[in-house]
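The next block holds one structure in the form of structure tokens; read it before the comments.
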Amino acid sequence: MSMKLIRVKGVMERTGLARSTIYKYISLGQFPQPIKLGTRAVAWVESEIDTWINDSIKRRDDDAA
């Protein structure tokens, strides 16, 4: 299985969230943890972001039902 890492700009584009909101959700335990790539670089596992997006859609649909 191939795992792709995406940087914060890609996460922002995919989720529509601002950088500060992403880090706020991480601190609240509501968003996938990033992987540290270096002293100032992080990335997220693309499939974990996809799962978070799909879970958000499911919660929305469940709340509407």
Side-chain angles (χ1 to χ4, degrees):
M1 172 165 85
S2 165
M3 294 225 189
K4 182 177 177 187
L5 298 176
I6 54 176
R7 300 291 300 269
V8 70
K9 283 191 180 193
V11 174
M12 291 167 58
E13 289 172 3
R14 290 181 80 126
T15 63
L17 299 173
R19 180 186 312 257
S20 59
T21 304
I22 291 169
Y23 284 102
K24 178 175 117 181
Y25 286 174
I26 290 168
S27 71
L28 296 172
Q30 299 174 355
F31 200 80
Q33 291 287 323
I35 296 169
K36 196 168 181 93
L37 300 176
T39 56
R40 295 181 49 139
V42 297
W44 284 259
V45 177
E46 183 178 41
S47 62
E48 292 178 0
I49 299 303
D50 291 341
T51 298
W52 182 87
I53 292 168
N54 290 329
D55 289 348
S56 296
I57 292 167
K58 184 175 181 341
R59 276 193 306 277
R60 178 207 61 193
D61 293 348
D62 290 347
D63 290 346

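How far CD1 of Ile49 is from CG of Leu17: 9.0 Å, rounded to the nearest 0.5 Å. To the nearest 0.5 angstrom, Trp52 atom CH2 is 9.5 Å from Ile57 atom CD1. Rounded to the nearest 0.5 angstrom, Ser20 OG and Tyr25 OH are separated by 10.0 Å. Phe31 CZ to Lys24 NZ: the interatomic distance, rounded to the nearest 0.5 Å, is 13.0 Å. To the nearest 0.5 angstrom, Asp50 atom CG is 11.0 Å from Asp55 atom CG.
Residues Val42 and Val8 share a single hydrophobic cluster, defined by chaining ILVMFWY side chains whose heavy atoms lie under 4.5 Å apart. No path of Ile, Leu, Val, Met, Phe, Trp and Tyr side chains, each step under 4.5 Å between heavy atoms, connects Val11 with Val45, placing them in separate hydrophobic clusters.
The two atoms that bring Ile26 and Pro32 nearest to each other are CG1-O, 3.7 Å, heavy atoms only. Trp44 and Ile22 make their closest contact through CZ2-CG2, 4.0 Å (heavy atoms, listed as atom of the first residue, atom of the second, distance). Scanning both residues, Glu48 and Gln33, for their nearest heavy atoms gives OE1-O, 4.2 Å. The two residues Arg14 and Ile53 make their nearest non-hydrogen contact at O-CD1, 3.7 Å.
Counting only heavy atoms from C-beta outward, the side chains of Leu5 and Leu37 approach each other to under 4.5 Å.
Applying the salt bridge (Lys or Arg N to Asp or Glu O under 4.0 Å) test to Arg19 and every residue at least two apart in sequence or in another chain returns nothing.
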